[in-house]
Amino acid sequence: MNKIKKLFGGIDLSWKNLIIFAIVAGVYTAVMALIPGLKYTSFSTIVATYEVWILFGIIIIMNSKSNIDSALKCFVFFLISQPLVYLLQVPFNELGWGLFGYYKFWFILTIACIPMGFIGYFIKKDKWYGYLILLPMIFLTLVSYYTYFKNFTFDYPRYFLISLFCVVVSLIYPIVIFNNKTIKKIGVVVSAVAIIAVTAFVFANPYVYTTEIMSMVDGRDITEDYSVELEDDKFGEASIEYIEELECYMVHVDFKRSGHTKLIVTTPEGETKLYDLAIARDTFTIEAE
């Protein structure tokens, strides 16, 4: 724990080191965005959400020497790292320079780093108001935990690492940032209760991928006389439903997890048709046997 605590106040964060840190963070993020095999994994989440960048921001704040130093270093870090993320992707992305259209929001956040870095420095004062300043950062981290833990329950083992990361840092922040034992204890309890609540909510309201997957079998329109089921019901439930917008019956499926199973279709004549289903988050492929 002492080595971790050193990260939050024991680093020589010179301007040179800060710029190197920003370049490394930007390059790493761009690489994670460019590798197709990392899409929809814990490694690619740094491209889209805040939890890792919050950690970077806190490390900068805790290793700064004053409010002004904190504000300027947070600003410069994001001013370098974020454009670099987009710049390195330009040659490989079909949008080309148009990719920078997504940078507008991050540029606004970069400007906001000036007051956030200034105010964030008060976390170092080891006072209750410092913990209150830290709380929104923990909240945003737990918002990411909710998103990725919900994805994890559907698409296991994807998103396990980022879910674990969100849990660990939310518990560790009060311990390594504050010396006041009361703040440490209450901070850990608050984070733990929030983590338990989010976890319970996800299990009570799991992610379900709802879609219609076919309207015809062997060139014949599906009717209400057909019946359907998934070979393994752990993947979800299938039914025949009438879609008013399309004015036809279709196979409706509520997928509960990713993976491979079979769709079993029984015709009005009692004939059974099997289809291979490959399920992913928000997409699927189906092929007749």
Side-chain angles (χ1 to χ4, degrees), residues 3-30 32 45-88 100 102-145 162 165-166 168-180 183-184 187 190-191 194:
K3 290 183 178 180
I4 296 176
K5 192 172 180 64
K6 185 178 179 180
L7 189 64
F8 296 86
I11 296 176
D12 177 21
L13 192 62
S14 64
W15 279 102
K16 176 183 176 181
N17 290 336
L18 177 85
I19 292 171
I20 293 172
F21 182 21
I23 293 172
V24 171
V27 171
Y28 173 81
T29 303
M32 294 302 102
T45 57
I46 192 174
V47 179
T49 46
Y50 306 125
E51 62 288 334
V52 177
W53 296 103
I54 288 172
L55 171 62
F56 293 162
I58 291 175
I59 289 173
I60 293 169
I61 288 169
M62 295 303 296
N63 289 283
S64 295
K65 298 176 181 178
S66 67
N67 296 79
I68 297 297
D69 189 48
S70 175
L72 292 177
K73 283 180 175 175
C74 285
F75 173 69
V76 171
F77 174 80
F78 285 95
L79 188 65
I80 294 172
S81 61
Q82 291 305 312
L84 192 57
V85 172
Y86 295 98
L87 180 63
L88 294 175
F100 270 86
Y102 293 102
Y103 175 59
K104 293 178 181 178
F105 177 70
W106 279 102
F107 180 70
I108 294 172
L109 289 182
T110 299
I111 298 298
C113 281
I114 296 175
M116 287 192 293
F118 187 93
I119 296 171
Y121 186 78
F122 287 106
I123 294 174
K124 295 184 65 172
K125 302 299 183 181
D126 202 37
K127 301 293 183 180
W128 279 103
Y129 57 75
Y131 176 64
L132 295 178
I133 293 170
L134 178 67
L135 267 179
M137 304 180 204
I138 295 176
F139 172 78
L140 287 174
T141 299
L142 291 178
V143 169
S144 291
Y145 171 62
I162 192 62
F165 169 85
C166 291
V168 171
V169 296
S170 296
L171 293 171
I172 282 182
Y173 284 152
I175 297 174
V176 297
I177 289 175
F178 299 100
N179 295 315
N180 185 303
I183 298 177
K184 284 177 182 281
V190 170
S191 292

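Note: hydrogens, waters and symmetry copies are ignored here, and every other heavy atom, side chains too, is used. Nothing fancy with the numbering, it's 1 onward along the sequence.
In this view, F78 and W53 satisfy the ring pair (Phe, Tyr, Trp, His ring centres under 6.0 Å) rule, not counting sequence neighbours. Every residue two or more places apart in sequence or in another chain that forms a side-chain hydrogen bond (donor to acceptor under 3.5 Å, both in side chains) with Y145 is listed here: T199.
Looking at heavy atoms from C-beta onward, F107 lies out of side-chain contact with Q82 at the 4.5 angstrom threshold. In this structure the side chain of F165 never reaches within 4.5 angstrom of the side chain of T45, judged on heavy atoms. The side-chain heavy atoms of I177 and I58, taken from C-beta on, include a pair separated by under 4.5 Å. Within the 4.5 Å cutoff, the side chain of C74 has heavy atoms near those of the I61 side chain.
Listed here is the closest heavy atom pair of P83 and Y103: CG-OH, 3.3 Å. The two residues L109 and M116 have their closest heavy-atom pair at O-CE, 4.1 Å.
Taken to the nearest 0.5 Å, the CD1 atom of I114 stands 10.0 Å off from the CD1 atom of I68. For the atom pair CD1 (I54) and OG1 (T49), the distance works out to 9.0 Å, reported to the nearest 0.5 Å. Interatomic distance, CD1 of I11 versus OG of S64, reported as 10.5 Å (0.5 Å rounding). Here I4 contributes atom CD1 and I172 contributes atom CD1; the two are 4.5 Å apart, rounded to the nearest 0.5 Å. With values rounded to the nearest 0.5 angstrom, W106 atom CH2 is found 6.0 Å from Y50 atom OH.
Ring geometry for F100 versus Y86: interplanar angle of 30 to 60°, hence tilted. Between F8 and Y173, the two ring planes are perpendicular [angle over 60°; tilted spans 30° to 60°].
Side-chain atoms of N63 never come within 3.5 Å of backbone atoms of L13 as a donor-acceptor pair (strictly under, hydrogens ignored).
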Could you list the donor-acceptor pairs under 3.5 angstrom formed by side chains in residues 15-23, with sequence neighbours left out?
{"unit_1": "N17", "atom_1": "ND2", "unit_2": "D12", "atom_2": "O", "d": "2.8"}
{"unit_1": "N17", "atom_1": "ND2", "unit_2": "S14", "atom_2": "OG", "d": "3.2"}

Scan the side chains in residues 131-144 for donor-acceptor partners under 3.5 Å anywhere in the protein, sequence neighbours excluded, and list what turns up.
{"unit_1": "T141", "atom_1": "OG1", "unit_2": "M137", "atom_2": "O", "d": "2.9"}
{"unit_1": "S144", "atom_1": "OG", "unit_2": "E51", "atom_2": "OE1", "d": "2.6"}

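For residues 119-133, there are no salt bridge (Lys or Arg N to Asp or Glu O under 4.0 Å) pairs, not counting sequence neighbours. For residues 66-81, the side chain to side chain donor-acceptor pair (under 3.5 Å) pairs, not counting sequence neighbours, are D69-K73.
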